[in-house]
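Because the structure is predicted, anything quoted here is derived from the model rather than measured. One-based numbering, in listed order, for ligands and for the atoms of each. The basis for the numbers below is simple: all heavy atoms, side chains too, and nothing from hydrogens, waters or symmetry mates.
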Amino acid sequence: VGQNIVSLKRVDSTNDYLKKQVANSKPVPEGTVILAEEQFAGRGQFDNKWLSQPGQNLTFSILLSPSFLPISQQFSLNIAISLAINDVLCSFIGSGCEIKWPNDIIFDDRKLGGVLIENIIRGTNWKYSIVGIGLNLNQTSFPASIKNITSMALIAEKEWTLNDVLAHLLTAIDRRYSQLKNGGLVLQRQEYRAKLYRLNTLAVFEREGVRFDAEIIGVTETGLLELKTADGVRCFGLKELKYI
Ligand code: BTN
């Protein structure tokens, strides 16, 4: 991972850039990284926009080809990537780092970064994954409309060198991806659970316009969030539920 880094000044979205290359059958080696100083159409989960001050933060995408895994295990890549980011952040800013299901990066109840993984499946084969990562490094002010957001600079009160943090992230991703390839799935699931934000705690959700409280009791093997609700234990996918 990271042998081939393409640095762009301005792009719509690094995920879309890679997606187009793959769609046009351009030969892109596995592990290629597309890094952008500025995205003018950065995307997050749930069709959210990903806004990032140009040049201040890391916004990049990696092309992976997890064809060694069955498509039923797509969530395992979310786990490996979140753990890799968590590994680096724990070493840089301490153990207050947690993973909010499915793969938000949280520090002290605030969002520090997010991951958007888009899988390209052909037939029953998992051909490619475009792993998009946005991590707030040096931005210290955010639009008022974005709640509970933070950056490494705000946490550590220092400025970070983007390329340095990127290099650590790519090494950690390489390590966690190899671990997954070499049978580390069960271990990674346990580690992910241990890092899960609000585990065994009440959290607020919204479903079909109705808000409710539920206790997070875990994540299933396929990546559903397991909740103890007033109606008993229920599991929900990303599209079925809004996590407030
Ligand atoms: C989220 O928190 O909802 C996920 C955010 C993912 C943002 C990154 S920035 C690089 C890559 N390109 C995109 O358009 N999105 C991801």
Chemist: Would you mind running through ligand 1 and noting each atom that sits below 4.0 Å from a heavy atom of Val115?
Modeler: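 Those atoms are 4 (C).
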Chemist: Atom 5 (C) of ligand 1: which protein heavy atom is closest, and how many Å away?
Modeler: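 The protein heavy atom lying closest is Trp50 CE3, 3.5 Å.
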Chemist: Quick one, Tyr177 with Ile62, criterion side chain to side chain contact (heavy atoms under 4.5 Å, CB included). Give me CA distance, side-chain angles, the key distance, then yes/no.
Modeler: CA-CA 12 Å; Tyr177 187 57; Ile62 309 169; over 6 Å; no
Chemist: Counting each atom of ligand 1 from 1 as listed, which ones have a heavy atom of Gly44 under 4.0 Å away?
Modeler: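 So the answer, numbered in order with elements, is 1 (C), 3 (O), 4 (C), 5 (C).
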Chemist: Hey, does the side chain of Glu240 reach the backbone of Gly237 with a donor-acceptor pair shorter than 3.5 angstrom?
Modeler: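 Answer holds: yes.
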Chemist: Just to check, does Thr14 reach to within less than 4.0 Å of ligand 1 when the distance is taken from its heavy atoms?
Modeler: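 Judged by the 4.0 Å heavy-atom criterion, Thr14 does count as contacting ligand 1.
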Chemist: Check whether any side-chain N or O of Thr59 sits under 3.5 Å from a backbone N or O of Ala36 as a donor-acceptor pair, and report yes or no.
Modeler: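 Confirmed, Thr59 side chain pairs with Ala36 backbone.
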Chemist: Assert yes or no for the condition that the ring centre distance of Phe236 to Tyr243 is strictly below 6.0 Å.
Modeler: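 No, too far apart.
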Chemist: Could you see which bit of Ile133 sits under 4.0 Å from ligand 1, with heavy atoms only: side chain, backbone, both or neither?
Modeler: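 Only the backbone of Ile133 comes within reach of ligand 1.
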Chemist: Take the angle between the ring planes of Phe92 and His168 and call it parallel below 30°, perpendicular above 60°, tilted in between.
Modeler: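 It falls in the perpendicular class, over 60°.
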Chemist: Whether Glu118 and Arg43 form a salt bridge (side-chain N of Lys/Arg under 4.0 Å from carboxylate O of Asp/Glu) is what I want to check.
Modeler: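 Result for this pair is yes, salt bridge flagged.
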Chemist: How does Phe46 reach ligand 1, by side chain, by backbone, by both or by neither, if only non-hydrogen atoms under 4.0 Å count?
Modeler: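 Contact part for Phe46 vs ligand 1: neither.
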Chemist: For Asp104, take its heavy atoms, then give the atoms of ligand 1 lying under 4.0 Å from any of them.
Modeler: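 That gives atoms 2 (O) of ligand 1.
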Chemist: Taking Lys147 for the side chain and Ala144 for the main chain, is one N or O donor matched with an acceptor at less than 3.5 Å?
Modeler: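 Flag set: sc Lys147 to bb Ala144 pair under 3.5 Å.
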Chemist: Could you identify the single nearest non-hydrogen protein atom to atom 12 (N) of ligand 1 and state the distance to 0.1 Å?
Modeler: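 Of every protein heavy atom, Gln39 OE1, 2.9 Å lies nearest to atom 12 (N) of ligand 1.
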Chemist: Return yes or no for this condition: an N or O of Gln45 is under 3.5 Å from an N or O of ligand 1.
Modeler: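 There is such a contact, yes.
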Chemist: Which atoms of ligand 1 sit under 4.0 Å from any heavy atom of Gly42?
Modeler: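 Answer, ordered by atom number: 14 (O).
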Chemist: Answer side chain, backbone, both or neither: which part of Ser61 comes under 4.0 Å from ligand 1, heavy atoms only.
Modeler: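 The answer is the side chain of Ser61.
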Chemist: Check each of Lys49, Lys111, Glu118 against atom 2 (O) of ligand 1 and report the one with the nearest heavy atom.
Modeler: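 Heavy atom nearest to atom 2 (O) of ligand 1 belongs to Lys111.
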Chemist: Given 3.5 Å as the limit, does a donor-acceptor pair link the side chain of Ser82 with the main chain of Asn103, or not?
Modeler: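 No, Ser82 side chain to Asn103 backbone: no donor-acceptor pair under 3.5 Å.
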Chemist: Does the pair Gln190 and Arg193 meet the rule for a side chain to side chain donor-acceptor pair (under 3.5 Å), with working shown?
Modeler: CA-CA 5 Å; Gln190 288 164 358; Arg193 184 183 163 82; over 6 Å; no
Chemist: Is there a nitrogen or oxygen of Thr59 sitting under 3.5 Å from a nitrogen or oxygen of ligand 1?
Modeler: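 By distance alone, the answer is no.
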Chemist: Counting non-hydrogen protein atoms only, what is the nearest one to atom 15 (N) of ligand 1? Give residue, atom name and distance.
Modeler: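 Looking at atom 15 (N) of ligand 1, the protein heavy atom closest to it is Arg43 O, 2.7 Å.
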